[in-house]
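Notes follow once the structure below has been shown.
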Amino acid sequence: MRAALSEPLATIPVAPSMSMFDPVFIGIDEFGHPAYLDLVYHNLLDAGEPGGGKSVLIQNLVGHAFLCHDFTPVLLDPKWVELGMWMEAAEAAGGVFIGPDIEAGLRVLRRLQKVMDRRYSWLVAHGRRKFLPSDLIKVIGIFIDELAYYTATTGTPEQQKEFIALVRDLVARGRACAMPVIAATQRPSVDIIPTSLRDLFGYRAAFRCTTPNSSDIILGHGWASAGFNAQTINPTTPGVFYLIAEGGIPELVKAAYLSDEQIHQLVDYVTWIRRTGESHPVSLAA
């Protein structure tokens, strides 16, 4: 399966030499093999019922990203308690953190759209189709924890509509110019994740769902009836999810777990290495 690279890798870089272009370790598959994602060129949708373990995967991906020398963070978290833990590190890395403020979120997404346009202009001028590690460009990782808050809960209908449109554009065009989107929601429904948006995510992770229909909204129509039903995931095993990639079939994965203590240690470390000159962050305008 192209999504989870189960084959052992010859070498795994260690911070601060890690790159966003390196495969990202996310846990183990159902056969006990390590699972990896190629995150730069794929977006990821992370969804399922509350308590299913979505935050485990998000924290895993964020932790890897902050250990990379070529990462600029854009974090949106209306609850503050998940991505908010990385707020200080985001500032040190030249990035931004947005809480429960949809207008601030819209301003950042509009800026990102302009950055994306400039990056595509550069690719066109150089006869290229995507950025490579040799280009030494910062990967702008856009993490949104609880997409539903910005698209269905807060703000005016016009703001919500614009937020969805901006996210759809970033998901559709961002991966080739090193701007992947990782979005999570505990409300996997068609009003939160329209089919037109869902199908743009190269990776989709379905944690335990309350109904087969919710599972299909994440993975795609028909997978629940084919035996890949996130409703059947044991509620006593949080962090287990079905992962599907472009052109593949779902497979079970157990996300690697980071405790709050380990996350705080990582935050302290990555903040320190950037403020002491080990890494060289750039602004979002770059």
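Note that the structure is a prediction, hence the values are computed from the model and not measured. The basis for the numbers below is simple: all heavy atoms, side chains too, and nothing from hydrogens, waters or symmetry mates.
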Tell me whether [Y] is reachable from [X] by hopping between hydrophobic residues (I, L, V, M, F, W, Y) whose side-chain heavy atoms are closer than 4.5 Å.
X	Y	answer
V190	F163	yes
I263	F97	yes
L258	I26	yes
W80	V267	yes

How close do [X] and [Y] get, counting heavy atoms only, and between which atoms?
X	Y	result
M179	I142	O-CD1, 4.1 Å
D216	G222	OD2-N, 3.2 Å
G105	I98	N-CG2, 3.8 Å
L266	G63	CD1-CA, 4.5 Å
D77	G84	OD2-N, 3.6 Å
G48	C209	CA-SG, 4.3 Å

TODO: If a pair satisfies ring-ring contact (aromatic ring centres under 6.0 Å, His included) and one of its residues is in residues 244-267, list it, with sequence neighbours excluded.
DONE: none

Are the side chains of [X] and [Y] in touch, meaning some heavy atoms are under 4.5 Å apart?
X	Y	value
R173	Y120	yes
F241	L243	yes
F143	L61	yes
M18	H64	yes
T72	V139	no
V240	N234	no
D70	F21	yes
L109	V167	yes

TODO: List the steps, then state whether salt bridge (Lys or Arg N to Asp or Glu O under 4.0 Å) holds for E162 with R110.
DONE: CA-CA 10 Å; E162 183 183 5; R110 293 179 196 125; 2.8 Å; yes

Flag, side chain of [X] to backbone of [Y], donor-acceptor distance under 3.5 Å:
X	Y	result
E246	G202	no
E251	I244	no
R119	C177	yes
D145	L83	no
K54	E49	yes
T154	Y150	no
S214	T210	no
D135	L132	yes
Q59	V56	no
T232	N229	yes

Task: Within 6.0 angstrom of W122 CH2, more than 12 heavy atoms from elsewhere - done: yes

TODO: For atom NZ of K114, decide whether the heavy atoms of other residues, nucleotides or ligands shown that lie under 6.0 angstrom number more than 12.
DONE: no

TODO: May I ask you to check whether F66 and W86 place their ring centers less than 6.0 Å from one another?
DONE: yes

Task: Y242 ring center near W223 ring center (under 6.0 Å) - done: no

Roughly how far, to the nearest 0.5 Å, is [atom2] of [Y] from [atom1] of [X]?
X	Y	atom1	atom2	value
R175	L44	CZ	CG	12.5 Å
L197	L45	CG	CG	7.5 Å
M20	F71	CE	CZ	5.5 Å
F201	I182	CZ	CD1	9.0 Å
D46	I144	CG	CD1	12.0 Å
D29	L252	CG	CG	9.0 Å

Open item on the list: Which residues pass the side chain to side chain donor-acceptor pair (under 3.5 Å) test with R204, not counting sequence neighbours?
Closed with: none

Task: Contacts of E30 that satisfy side chain to side chain donor-acceptor pair (under 3.5 Å) - sequence neighbours left out - done: none

- [ ] Applying salt bridge (Lys or Arg N to Asp or Glu O under 4.0 Å), run through E91 and R274 and close with a yes or a no.
- [x] CA-CA 10 Å; E91 179 184 354; R274 283 165 173 79; over 6 Å; no

Task: E146 versus T185, side-chain donor and acceptor atoms under 3.5 Å - done: yes

Open item on the list: Could you tell me if Q159 and E103 have a donor-acceptor pair between their side chains, going purely by distance under 3.5 Å?
Closed with: yes

Open item on the list: If you apply the rule side-chain hydrogen bond (donor to acceptor under 3.5 Å, both in side chains), what do you find for S189 with D191, and how did you get there?
Closed with: CA-CA 6 Å; S189 57; D191 58 324; 2.3 Å; yes

Open item on the list: Does K130 qualify as a cation-pi partner of Y41, given the criterion of NZ or CZ under 6.0 Å from the six-membered ring centre and within 45 degrees of its axis?
Closed with: yes

Task: L112 and its side chain to side chain contact (heavy atoms under 4.5 Å, CB included) partner, picked from D117, L170, L166 - done: L170

